[in-house]
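The structure appears below as structure tokens.
Along the sequence shown, residues carry numbers from 1.
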Amino acid sequence: MQKNLIKNAISTLPAVIVVVDDDQAVRNSLKFSLEIEGFAVRTYQGPQELLAESELPQQGCLILDYKLPGMSGLQLLAKLRDRKVYLPALLITTHPSLAVYEEASRAGAQVIEKPLLGEALLNGIRQAIERQQTHSN
């Protein structure tokens, strides 16, 4: 009974998109465009800023730039997983190599190639949140 109450409480939490990118223009444009789509968005300029957060959202997804200062987006994802943060992750990068695709796949992250044109990122976010909500119900 209590387990169902917890699941129901989690599924009603708003989805928050967490964006980590060291390029301020990318952070600002993603925040703007995702908020227009109705998402709550938190932005961070790098891994250390995100890792310093004491509380991260329970529902939503991560958008991680692959090339971040101090560590890659996939290394950041591994640190978050170690902290029991299981938000679905989208890795954004320019010209990803086959090795990046393979590493992202092993980490459970979807790769979205920059420039972020069309609906690829938005579709990835919606699918990630949908899968998360399906698994938590």
Side-chain angles (χ1 to χ4, degrees):
M1 175 79 172
Q2 187 174 8
K3 188 176 181 181
N4 286 338
L5 290 174
I6 292 170
K7 276 188 175 184
N8 289 337
I10 289 173
S11 67
T12 61
L13 294 173
V16 177
I17 310 304
V18 174
V19 177
V20 184
D21 197 304
D22 58 326
D23 185 330
Q24 184 174 357
V26 171
R27 284 193 315 273
N28 291 345
S29 65
L30 284 174
K31 182 174 176 54
F32 177 78
S33 62
L34 293 172
E35 285 177 343
I36 285 175
E37 293 293 331
F39 294 106
V41 181
R42 293 188 198 173
T43 62
Y44 300 88
Q45 69 180 14
Q48 299 312 323
E49 188 180 0
L50 178 63
L51 292 170
E53 280 285 337
S54 60
E55 195 171 314
L56 291 171
Q58 298 293 309
Q59 294 287 318
C61 79
L62 302 163
I63 299 175
L64 307 174
D65 188 21
Y66 179 69
K67 292 184 180 178
L68 292 168
M71 69 180 74
S72 75
L74 291 171
Q75 290 169 323
L76 173 58
L77 182 59
K79 287 185 178 292
L80 290 169
R81 296 299 190 241
D82 288 345
R83 289 177 50 185
K84 309 277 188 268
V85 175
Y86 297 114
L87 291 171
L90 304 173
L91 186 72
I92 57 175
T93 188
T94 306
H95 307 299
S97 66
L98 182 58
V100 169
Y101 276 106
E102 290 171 350
E103 189 180 354
S105 178
R106 282 192 301 272
Q110 178 184 351
V111 176
I112 309 274
E113 196 168 344
K114 290 180 180 178
L116 303 171
L117 303 173
E119 298 286 316
L121 182 62
L122 200 51
N123 289 339
I125 291 168
R126 287 183 177 134
Q127 290 169 2
I129 291 171
E130 209 172 274
R131 278 193 308 271
Q132 182 187 40
Q133 290 173 344
T134 300
H135 287 31
S136 66
N137 286 334

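- Following chains of ILVMFWY side-chain contacts shorter than 4.5 Å, one can reach Leu91 starting from Val85, so the two form part of one hydrophobic cluster.
- Every residue two or more places apart in sequence or in another chain that forms a side-chain contact (heavy atoms from CB on, under 4.5 Å) with Thr94 is listed here: Lys114.
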request  = Start with the C-alpha distance between Gln75 and Lys79, add both sets of side-chain angles, then the distance that settles side chain to side chain contact (heavy atoms under 4.5 Å, CB included), and finish with yes or no.
outcome  = CA-CA 6 Å; Gln75 290 169 323; Lys79 287 185 178 292; 5.9 Å; no
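- Counting heavy atoms from C-beta outward, Leu87 and Val16 have side chains that stay 4.5 Å or more apart.
- For the salt bridge (charged side-chain N to carboxylate O under 4.0 Å, His left out) condition, the pairs that include at least one residue of residues 34-54, sequence neighbours left out, are Lys31-Glu35, Glu37-Arg126.
- Note: the hydrophobic cluster containing Phe39 also contains Leu90 (ILVMFWY, side chain heavy atoms under 4.5 Å, direct or indirect links).
- Inter-residue side-chain proximity for Leu51 and Met71 is flagged as met; some heavy-atom pair is nearer than 4.5 Å.
- Summarising the geometry, atom CG belonging to Leu30 is positioned 7.5 Å from atom CD1 belonging to Ile125; distances are rounded to the nearest 0.5 Å.
- Side-chain atoms of Leu56 and Leu62, non-hydrogen and from C-beta on, never get closer than 4.5 Å to each other.
- Looking at Val19 and Asp65, their side chains never come closer than 4.5 Å, going by heavy atoms from C-beta outward.
- When all heavy atoms of Pro69 and Asp22 are compared, the pair lying nearest together is CD-CB, 3.7 Å.
- Remark: Ala107 pairs with Leu74, Leu77 by the side-chain contact (heavy atoms from CB on, under 4.5 Å) rule, at least two apart or across chains.
- The closest side-chain heavy-atom distance from Ile129 to Pro88 is not below 4.5 Å.
- Remark: side-chain polar atoms of Gln59 are not paired, donor with acceptor, to backbone N or O of Gln133 under 3.5 angstrom.
- Cluster annotation: Leu68 is not connected to Val26 through the hydrophobic network of ILVMFWY side chains, with a link wherever side-chain heavy atoms come within less than 4.5 Å.
- Two residues are said to be in side-chain contact when any heavy atoms from C-beta on lie closer than 4.5 Å; Ser105 and Glu102 fail this criterion.
- Of the inter-residue distances, the one linking Asp21 atom CG with Tyr44 atom OH reads 14.5 Å to the nearest 0.5 angstrom.
- Taking CZ from Arg81 and CG from Leu76, the interatomic distance works out to 10.0 Å, rounded to the nearest 0.5 Å.
- Atom CG in Leu122 sits 7.0 Å away from atom CG in Leu34 (nearest 0.5 Å).
- A distance of 9.5 Å separates CD in Gln110 from OH in Tyr101, rounded to the nearest 0.5 Å.
- One N or O on the side chain of Thr134 and one on the backbone of Glu130 form a donor-acceptor pair closer than 3.5 Å.
- Smallest separation of non-hydrogen atoms from Val41 and Thr43: CG1-CG2, 4.0 Å.
- Residues Thr93 and Val111 are in side-chain contact: their nearest non-hydrogen atoms beyond the backbone lie under 4.5 Å apart.
- In terms of heavy atoms, Val18 sits closest to Pro57 at CG2-CG, 3.8 Å.
- When side chains are defined from C-beta on, Ile36 counts as touching Phe32, because their heavy atoms get closer than 4.5 Å.
- Tracing side-chain contacts under 4.5 Å through hydrophobic residues (I, L, V, M, F, W, Y), one never reaches Tyr66 starting from Ile92; they form parts of separate clusters.
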